[in-house]
Asker: 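To start, I am sharing the structure in question, which I have written as structure tokens.
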2 protein chains.
Amino acid sequence: MNTKSPTEPKFRRRAEARPDEVLDAALSLFTEKGYARTTVDQVAKRAGFSKGTVYLYFASKEAILEGLVQRTVEPIAEAAFETMTDYRGDPRPVLAQFLRAMAQALADSKTRAVVMIILQEAPAAPNISALFRKAVLGRALPAVTALLAQGVAGGHIRAIDPELTARSVLGPVIGHLLLSEIFRIRPEGGLQMDRLVENHLTLLFAGLEPDTGGAP
Amino acid sequence: MNTKSPTEPKFRRRAEARPDEVLDAALSLFTEKGYARTTVDQVAKRAGFSKGTVYLYFASKEAILEGLVQRTVEPIAEAAFETMTDYRGDPRPVLAQFLRAMAQALADSKTRAVVMIILQEAPAAPNISALFRKAVLGRALPAVTALLAQGVAGGHIRAIDPELTARSVLGPVIGHLLLSEIFRIRPEGGLQMDRLVENHLTLLFAGLEPDTGGAP
DNA sequence: AATTACAAACTGACCGGTCAGTTAGTAGCA
DNA sequence: TGCTACTAACTGACCGGTCAGTTTGTAATT
């Protein structure tokens with residue numbers, strides 16, 4: 001990530017830009033070594049100034065993490081979820097739209113990195129967990145569940161459990177992300193989140209097809 | 001698990017039990033507060049003795065973590081994967097067997113806890129990551145992929161991408177685990193991994209049904 | 001007596017957070 | 001234009017505390 005060319009003047013005097021510079025530096029370091037193993041001094045150094053300055057803009061190390069999550073998660077959360085809530089009809093087109101949007105968001109490596117940091121730190125940092133739950137999960141899961149329930153009720157899809165099926169809709173994307181980011185296990189040629197989603201959608205849509213009495 | 005080799009020690013004090021006691025204590029603390037925020041002293045205290053003793057049996061704090069992963073993961077890894085490799089025919093019964101075994105393994109809260117710790121620490125601890133990859137993922141994924149490929153080739157299932165579909169098979173289970181353990185989002189009445197797997201299997205099996213020209 | 005198993009005290013490095021002091025920029029004045 | 005006075009931005013040494021890992025002494029066992 002950036003880090004600014006070494007020819008920059010020593011004093012920059014642009015207080016408004018500082019918080020974002022801290023967050024950028026923190027993101028790259030947290031990604032490399034994890035939150036716990038990164039020191040505030042390292043963050044400051046990478047951002048191009050000293051530790052004291054960091055504390056002019058963030059109250060604590062954890063506040064940096066919170067800022068990072070907020071900056072990444074909020075715009076994504078705002079962009080979605082409204083279409084789904086009152087939809088009536090076959091849920092599949094909406095699911096496709098949703099999963100493709102998700103794939104697109106996760107195509108950005110910064111977003112991916114923040115999501116990974118959240119997954120790693122959430123168990124030990126309750127406010128991070130709460131933030132993500134409130135902004136993303138608490139909205140996405142009920143939306144998908146309601147969409148599926150409505151589809152079942154209307155006979156558009158097979159009679160499955162909507163709440164559990166929501167996991168079958170979203171799980172593969174999360175699993176793919178984890179395999180790739182944590183264990184470096186990914187298809188030849190990179191993450192290919194798009195291809196994963198398309199493959200998943202064919203399978204999922206066929207699976208959701210109402211049972212018309214086919215033979216197993 | 002357990003050890004307790006009946007052949008070796010006739011005298012000695014109670015030293016043989018120590019490593020497992022350390023691992024048990026470490027597991028509960030790592031689960032509560034995470035690896036980084038747990039001190040070796042706390043592990044020793046919970047196990048009922050002092051820090052120095054821990055270092056009689058483990059070379060470092062990270063070695064404790066490795067021991068924990070090894071103790072949990074190896075028996076699981078050994079128990080499976082062989083059935084799949086040379087199978088010919090409709091892969092669905094084997095997939096069902098596999099997912100149910102996975103659900104059963106994850107029903108044990110200790111196993112679940114270790115898996116979560118792995119997911120959290122793997123990015124920053126390469127040998128943990130490698131251990132799990134070698135013992136579990138590096139075997140499970142190719143096995144499922146090969147099974148699917150064989151099913152496609154034999155016309156038993158829809159022509160999907162086997163490698164990507166492996167994610168659709170396993171992802172929901174992982175996603176369910178994550179939602180429950182990290183964000184405390186779970187169905188009423190607990191984890192219900194069994195019900196998730198059964199619901200997932202209906203959906204998945206219908207989705208894998210070869211396309212015989214049904215209605216969209 | 002020799003060995004083993006352990007507790008307790010200790011060491012040294014590290015790190016989050018603070019703060020007294022320094023520097024860069026700017027407004028006012030001549 | 002040059003000077004003074006002031007402020008916001010920034011630095012880096014430092015402090016208090018923590019913690020992984022080590023050493024030493026001792027009680028029990030053989």
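We name chains A, B, ... by the order of the sequence lines, and we start the count at 1 in each one. Just so it is clear, the model here is predicted, and its values are computed rather than measured.
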Asker: Take atom CZ of B/Arg37 and atom C1' of C/dC15, then tell me their distance rounded to the nearest Å.
Answerer: 14 Å
Asker: Produce a footprint string for nucleotides 16-22 of chain C: one letter per nucleotide, 5' end first; B if the base is under 4.0 Å from any protein heavy atom, S if only the sugar-phosphate is, - if neither.
Answerer: BBB----
Asker: Write out all pairs satisfying ring pair (Phe, Tyr, Trp, His ring centres under 6.0 Å) with one or both partners inside residues 167-193 of chain B, taking only residues at least two apart or from two chains.
Answerer: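 Every ring pair (Phe, Tyr, Trp, His ring centres under 6.0 Å) pair that includes a residue of residues 167-193 of chain B, provided the two are not neighbours, is A/Phe132-B/Phe183.
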Asker: Measure the distance from CG on A/Leu56 to P on D/dG12 and round it to the nearest whole Å.
Answerer: 14 Å
Asker: Looking at every heavy atom in both B/Ala36 and A/Ala36, which two are closest together, and how far apart are they?
Answerer: CB-CB, 3.6 Å
Asker: Within less than 4.0 Å of OP1 or OP2 of C/dC6, is there a side-chain N or O belonging to B/Tyr57?
Answerer: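 Yes, because at least one side-chain N or O of B/Tyr57 sits under 4.0 Å from OP1 or OP2 of C/dC6.
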Asker: Under the side-chain contact (heavy atoms from CB on, under 4.5 Å) rule, collect the residues that match up with A/Thr39, sequence neighbours excluded.
Answerer: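 Per chain and number, A/Thr39 pairs via side-chain contact (heavy atoms from CB on, under 4.5 Å) with A/Asp41, A/Gln42.
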Asker: Going by salt bridge (Lys or Arg N to Asp or Glu O under 4.0 Å), name the residues that satisfy it together with A/Glu66, two or more places apart in sequence or in a different chain.
Answerer: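 Residues passing salt bridge (Lys or Arg N to Asp or Glu O under 4.0 Å) with A/Glu66: none at all.
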Asker: Can I get a per-line list of side-chain donor-acceptor pairs under 3.5 Å for residues 189-197 of chain B, giving both atom names and the distance, sequence neighbours left out?
Answerer:
{"residue": "B/Gln192", "atom": "OE1", "partner": "B/Arg195", "partner atom": "NH1", "Å": "2.5"}
{"residue": "B/Arg195", "atom": "NH2", "partner": "A/Asp161", "partner atom": "OD2", "Å": "2.6"}

Asker: Take atom CZ of A/Phe49 and atom P of D/dG12, then tell me their distance rounded to the nearest Å.
Answerer: 13 Å
Asker: Could you give all pairs that pass the ring pair (Phe, Tyr, Trp, His ring centres under 6.0 Å) test and reach residues 186-206 of chain B, with sequence neighbours left out?
Answerer: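 Sorted pair list comes back empty.
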